[in-house]
2 protein chains.
Amino acid sequence: MAVTIKDIAKQVGVAPSTVSRVINGSAVISQETKDKIMKAMVEMDYHPNSLARNFANGSTYAIGLVIDASDDNTFSNAFFNRSVYAIETVVQENGYNLLITNDRDDDKRSSVEKLVFEKKVDGIILPSSSATPKLIRLLKKNNFPFIILGEPEIEKNETSWVDVNNALGSETAVKHLYQNGYQKIAFILENRTTVFAKNRVEGYEKALEEKGCGEKEDYIKDCGGKVENAFEITKELLRQANAPDAILCSNNVIAYQVLCALKEINVSTPNDVGVMTFDNYPFSEYMDPPLSVVDVDTFRLGEQAATNLIKKIQNADYENQQTIIATKLIIRESTKGKTK
Amino acid sequence: MAVTIKDIAKQVGVAPSTVSRVINGSAVISQETKDKIMKAMVEMDYHPNSLARNFANGSTYAIGLVIDASDDNTFSNAFFNRSVYAIETVVQENGYNLLITNDRDDDKRSSVEKLVFEKKVDGIILPSSSATPKLIRLLKKNNFPFIILGEPEIEKNETSWVDVNNALGSETAVKHLYQNGYQKIAFILENRTTVFAKNRVEGYEKALEEKGCGEKEDYIKDCGGKVENAFEITKELLRQANAPDAILCSNNVIAYQVLCALKEINVSTPNDVGVMTFDNYPFSEYMDPPLSVVDVDTFRLGEQAATNLIKKIQNADYENQQTIIATKLIIRESTKGKTK
DNA sequence: TAGAAATATGCAAACGGTTGCATGAAAGAA
DNA sequence: TTCTTTCATGCAACCGTTTGCATATTTCTA
């Protein structure tokens, strides 16, 4: 059907192995032979068949990216997608292909296990939500290269992972609020149970302690997964005797709810109450007022993960590595300081 | 290294071909033999090597999704991502893998051409922005299965594609606004040059004509790619002698700008001016007021594309097909009608 | 100038499946 | 009981590349 290495060899009058060596530069071939082969490849419109090539090499030249999406919204997570873009870029630059799979169970075998056992990829990147202890152990046992996006539950020191410095993120956010004169800082989260959220709460509490905030008012609120709840939660918080004068939010939608609620009860942002959120969504700078955010460089997150994984694939003894990506404050109107 | 079909065959005392036939169900094998083979496969922890399998079959069992991303924001396009989710689902259900590649040129050969010529995928899905006439012709010449997301520039009837009914979308939006009492409807677009936008403008104009709106005030505004401009554009529009009483926006960020601008100049939405937008972003229902939108079922878009492509891969004479996905209005507060 | 070393290339096996054809055994027909 | 048909399985080639080893030729060394 298509032109093969043998056709080229026959045409030029050399052995197929010689053609192969020219393609791969895997041996010294005389310039003369090389030229003839190259010429024939162009003339005959030859393209290496990667199916055969991968088979012979025992390598797929593909890396798998696992996504833990319960619905299409998960997929649309802007946070995650910038990482995907970074991963795709790095993977491509290194001559690999990116294979994306949702983490669903067919029968006994998860789609991830299939990728691994059936040799569909040379390595995988998986979110911590998919990195169950069982899977981690399985991968390690089979010596299969993988890297986790986010801190895993087990084997923290014996796996490679990349995470965002969530704790430090909220810590600096709280400190920034203090510096700008806010003193009673609440924290509204979408869901307090994730590792994610726990780290953020930790940093928040650390900052409070450092500032000697002994009172321990319960300013941490959980939306129970429903961001709309932030609206009522905010109004409730402000009704309290000891109402907060700043609110840190775990994401932009919550922050938007908070802004709306404050507006409804005629509380001014940032003059009465400061508002701050995690993640620099495109929307955040257009809010009224523009939101100060804890920016997470998700591009770097993906970039690190992909780079690291590829090193590991290419060098089996590449040591496990844990990378923590720093967060960055982007200061806008919403935390400008109180006027009174 | 790993367990192969030959190991199983030896263990059971049959020929490798018999094992292969059991795995593929490609011939009648006695129940007895079948059982023994199955048992051995489980006991020896055998997994078919898809590298070898694909090679023997001359098929990759992968489909390629091309993304035309100039930066990480393109990747984060919520619109597109829901399609990706759908595509991934369909692809997986059909036993294929999804390979994602950004459409970048290395040297002479684009990454797309590489996928095709080096047999890395069995078919591709590509956005109309990547479906250049040159590429379309190349694919058709090589009889390579592909489907376009969006109407292509050439060969409209000799290619398969899926598109959203953008024209009808804005037409119904405008009619809805009329019905609710708005009479002078402006249209603010991010960028008027895309095929996308052109179709939307077409539908908008059609609706105006049908309503006998002869005056032809220039109510179509272009942000020149910068959505922030919508803020000033809105204020300007409202300053005009013949100010509009409704604004249709080409996306949510623009709509948000419009809402803010109206608020700033003390124009009430929806009492004075109705606002409506394309795309049902998660944010839109939380806006103040909640936004009426032209909802585009991007999930179905991807689903259709993937389903169609797979049919074409599995049946070479599967005829080209063009699918147009209907839009749907979601009516919320922002177009409730004028009070005066 | 013979022998050793370096260079360029060929040969053939191997990678792990799949599949057309052949064959032996069992079942059915006459 | 013998011949034909059907069923179950084996044999071996094949898919396109890669690569260790062998070999022929050239270059170097003493």
Side-chain angles (χ1 to χ4, degrees), chain A residues 1-41 44-62 95 114 116-122 314, chain B residues 1-41 44-62 95 97 114 116-122:
Chain A
M1 186 115 300
V3 179
T4 74
I5 223 172
K6 286 179 191 163
D7 299 322
I8 301 291
K10 204 174 290 170
Q11 170 75 17
V12 177
V14 296
S17 47
T18 306
V19 179
S20 170
R21 285 187 259 254
V22 168
I23 294 172
N24 297 291
S26 53
V28 189
I29 304 291
S30 73
Q31 193 59 47
E32 187 190 10
T33 311
K34 215 184 262 178
D35 289 343
K36 279 193 293 187
I37 290 175
M38 301 277 237
K39 187 156 154 273
M41 290 197 301
M44 299 174 73
D45 197 29
Y46 167 79
H47 302 281
N49 179 329
S50 49
L51 241 33
R53 187 181 250 208
N54 293 352
F55 173 52
N57 285 319
S59 168
T60 64
Y61 293 103
K114 260 192 204 147
V116 173
F117 284 121
E118 299 182 3
K119 287 209 200 320
K120 287 174 178 299
V121 294
D122 294 349
Q314 294 175 344
Chain B
M1 185 116 299
V3 180
T4 74
I5 221 171
K6 284 176 192 162
D7 298 323
I8 301 290
K10 203 174 289 170
Q11 171 74 16
V12 177
V14 296
S17 49
T18 305
V19 179
S20 169
R21 284 188 258 254
V22 167
I23 294 172
N24 297 292
S26 52
V28 190
I29 303 291
S30 72
Q31 194 59 47
E32 187 191 9
T33 312
K34 215 184 260 178
D35 289 343
K36 279 193 294 186
I37 291 175
M38 300 278 236
K39 187 158 155 271
M41 290 197 301
M44 301 175 73
D45 197 29
Y46 168 77
H47 302 281
N49 179 328
S50 50
L51 242 31
R53 188 183 256 211
N54 293 351
F55 173 52
N57 286 317
S59 168
T60 64
Y61 294 103
N97 287 110
K114 259 191 204 148
V116 174
F117 284 121
E118 299 181 3
K119 286 206 201 321
K120 286 174 179 295
V121 295
D122 294 349

DNA chain D: 5'-proximal contact among A:Asn57 and B:Ile29 (nearest heavy atom):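 The residue closer to the strand's 5' end, by nearest nucleotide, is B:Ile29.
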
Which nucleotide wins on minimum distance to the side chain of B:Ala15, given the candidates D:dC11, C:dT18, C:dG10?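 So the nucleotide nearest the side chain must be D:dC11.
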
Length of the [atom1]-[atom2] vector between [X] and [N], whole Å:
X	N	atom1	atom2	result
A:Asp7	D:dC15	CG	C1'	13 Å
B:Lys6	C:dA13	NZ	C1'	11 Å
A:Leu51	D:dC14	CG	P	19 Å
A:Arg21	D:dC21	CZ	C1'	10 Å
A:Arg53	D:dG16	CZ	P	15 Å
B:Phe55	C:dG17	CZ	P	13 Å
B:Asn54	D:dG16	CG	P	14 Å
B:Ile23	C:dG17	CD1	C1'	9 Å

Partners meeting salt bridge (Lys or Arg N to Asp or Glu O under 4.0 Å) with B:Lys39 (sequence neighbours left out): B:Glu43

Identify whether any heavy atom of B:Val14 sits under 4.0 Å from a base atom; if not, whether one sits that close to sugar-phosphate; answer base, sugar-phosphate or nothing. sugar-phosphate

Under 4.0 Å between any heavy atoms, over every strand shown, what does A:Ser20 touch: base, sugar-phosphate, or nothing? Just pick one.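 Base contact.
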
To the nearest 0.5 Å, what is the distance between CG on B:Asn54 and OH on B:Tyr61?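 If I round to the nearest 0.5 Å, the distance is 7.0 Å.
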
Distance check: side-chain N/O of [X] vs OP1/OP2 of [N], anything under 4.0 Å?
X	N	answer
A:Thr33	C:dA8	no
B:Ser30	D:dT9	yes
B:Ser17	D:dG10	no

May I ask you to test the B:Ile23-B:Met41 pair for a side-chain heavy-atom distance under 4.5 Å?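 Of all side-chain heavy-atom pairs linking B:Met41 with B:Ile23, at least one is under 4.5 Å.
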
Test side-chain contact (heavy atoms from CB on, under 4.5 Å) applied to B:Lys36 and B:Val12, B:Ile8, B:Val14, the passing residue: B:Val12

Going by distance alone, is a donor N or O of one side chain under 3.5 Å from an acceptor N or O of the other, for B:Gln11 and B:Asp7? no

